[in-house]
There are 2 protein chains.
Amino acid sequence: MSETKDKIVELADHLLRVKGFNGFSYKDISDPLSLKNAAIHYHFPAKADLGVEVIDHELTKFAGQTKRWQSLPEDEQLEKLIGVFRKHCQDKNICLMGSLASDFETLSPEMRVKVQELGKRILAWLTGCLEQGRHNKRLHFKGEASDRALMIMTNLQSSLLMSRVLGPQVFNSISTQLMKDLKK
Amino acid sequence: MSETKDKIVELADHLLRVKGFNGFSYKDISDPLSLKNAAIHYHFPAKADLGVEVIDHELTKFAGQTKRWQSLPEDEQLEKLIGVFRKHCQDKNICLMGSLASDFETLSPEMRVKVQELGKRILAWLTGCLEQGRHNKRLHFKGEASDRALMIMTNLQSSLLMSRVLGPQVFNSISTQLMKDLKK
DNA sequence: GTCTATATTCCGATAGAC
DNA sequence: GTCTATCGGAATATAGAC
């Protein structure tokens, strides 16, 4: 991949998180990179193509991160995940999943499929982590692991949303309480 | 308020939830109501004015609902709140708070203030409900009521987001587990 | 007061030069 | 691979008719 294309995707990722898919334009990308908007269209004919690429990057990134964590105890793996969200919180970003879920009804079919894939992957990993963690007595919770994974994922997702509105202490409260609940 | 103005606000509320603030246009309102887009501008000079009105309506609605619930046991009040979210889930809507928090960085200062007010009001009510509920032994949870309120609010908010992406069973899983956790 | 016709700006996208 | 030029359309918004 060319350097320009890489920069476009990186910037699009940021804009998608901060302003939402319908809240940014090609101009928001071409201006900072000192390009013309047509240059973006060369790399990504339609805006939806750019959207798909950003999600693909996130899928790859997530797979790499979780693989790097896999030898850690499950509670520490979870802390790592929370750390990723904390980083986004500091950058005033929200998670890609939350941003794209918000705009879901306005997305192209191709983008919707990718968003669904991202959601399934995150939940699958989280479910496995919780299940293993309970088995190894590192994590404690009631009910199905898949239900608990849904609870935790939605906590983290909306913690970034609410942090933007009410301040970063929202993220701290939620992430702290989250781990307390799981450590029993 | 005129009947037309009322219909505009009602439709804007729906569009805001389904498509997001940057995902709908005045045309999406004027066409179904058989008006010209300029007619909307008469009632709401700028799009942000319409946004503020929609949030004000929600604030009033929420105040009325919680007042009507106030004589119920706290666990039933909570069920009522979940019922409101369930209704939105069925209509493929997401909660106003979630939608506006997503687009927060692109909103006008006036709209941001209103969104903040909405968030504070919901959290204040939920915190009070949890506190009273614990005191009356109708609800059981660890930690501060305000922290627990954040957890529950984010669960409900993102449950609607994820339901759109992965299907309505997401909402069912989360809302069921939520009440189980609180009933001890 | 309420709405129509119209202005203006901007967006996503295409064609073709370099 | 990036640029110039430009299109068609849709967006928000204004000015003025009824």
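Residue numbers begin at 1 in each chain, while the letters A, B, ... track the order of the sequences.
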For residues 88-95 of chain A, which side-chain N or O atoms pair as donor and acceptor with protein atoms under 3.5 Å away, sequence neighbours left out?
{"from": "A:H88", "atom 1": "NE2", "to": "A:R17", "atom 2": "NH1", "distance (Å)": "3.3"}
{"from": "A:D91", "atom 1": "OD2", "to": "A:K87", "atom 2": "NZ", "distance (Å)": "3.1"}
{"from": "A:N93", "atom 1": "OD1", "to": "A:H14", "atom 2": "ND1", "distance (Å)": "3.4"}

Show me the donor-acceptor pairs, under 3.5 Å and distance only, between side chains in residues 166-180 of chain A and residues at least two apart or in other chains.
{"from": "A:Q169", "atom 1": "NE2", "to": "A:L166", "atom 2": "O", "distance (Å)": "3.2"}
{"from": "A:S173", "atom 1": "OG", "to": "A:Q169", "atom 2": "O", "distance (Å)": "3.1"}
{"from": "A:S173", "atom 1": "OG", "to": "B:D147", "atom 2": "OD1", "distance (Å)": "3.4"}
{"from": "A:S175", "atom 1": "OG", "to": "A:F171", "atom 2": "O", "distance (Å)": "2.9"}
{"from": "A:S175", "atom 1": "OG", "to": "A:N172", "atom 2": "O", "distance (Å)": "3.3"}
{"from": "A:T176", "atom 1": "OG1", "to": "A:N172", "atom 2": "O", "distance (Å)": "2.7"}
{"from": "A:Q177", "atom 1": "NE2", "to": "A:D181", "atom 2": "OD1", "distance (Å)": "3.0"}

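The stretch residues 151-161 of chain A participates, sequence neighbours left out, in no salt bridge (Lys or Arg N to Asp or Glu O under 4.0 Å) pair at all. Listed by first and then second residue, the side-chain hydrogen bond (donor to acceptor under 3.5 Å, both in side chains) pairs that reach into residues 31-41 of chain B are B:K27-B:D31, sequence neighbours excluded.
In this structure A:E117 satisfies the side chain to side chain donor-acceptor pair (under 3.5 Å) test together with A:R121, sequence neighbours excluded. Checked against side chain to side chain donor-acceptor pair (under 3.5 Å), B:N155 has the following partners two or more places apart in sequence or in another chain: A:T154. For A:K183, the salt bridge (Lys or Arg N to Asp or Glu O under 4.0 Å) criterion is met by A:D75, not counting sequence neighbours.
Summarising the geometry, the separation between OH on B:Y26 and C1' on D:dT14 is reported as 13 Å, rounded to the nearest angstrom. Rounded to an integer number of Å, the gap from CZ of B:F24 to P of D:dA10 is 17 Å. Taking atom CG of residue B:L50 and atom P of nucleotide D:dA11, one finds them 15 Å apart after rounding to whole Å.
For DNA chain C, the neighbouring residues in residues 28-48 of chain B, judged by any heavy atom under 4.0 Å, are B:K36, B:A38, B:A39, B:Y42, B:H43.
The outermost nucleotides of DNA chain C lying under 4.0 Å from heavy atoms of chain B, listed 5' to 3', are C:dG1 to C:dA5.
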Side chain to side chain contact (heavy atoms under 4.5 Å, CB included) assessment of A:V84 paired with A:F62: CA-CA 10 Å; A:V84 171; A:F62 183 70; over 6 Å; no
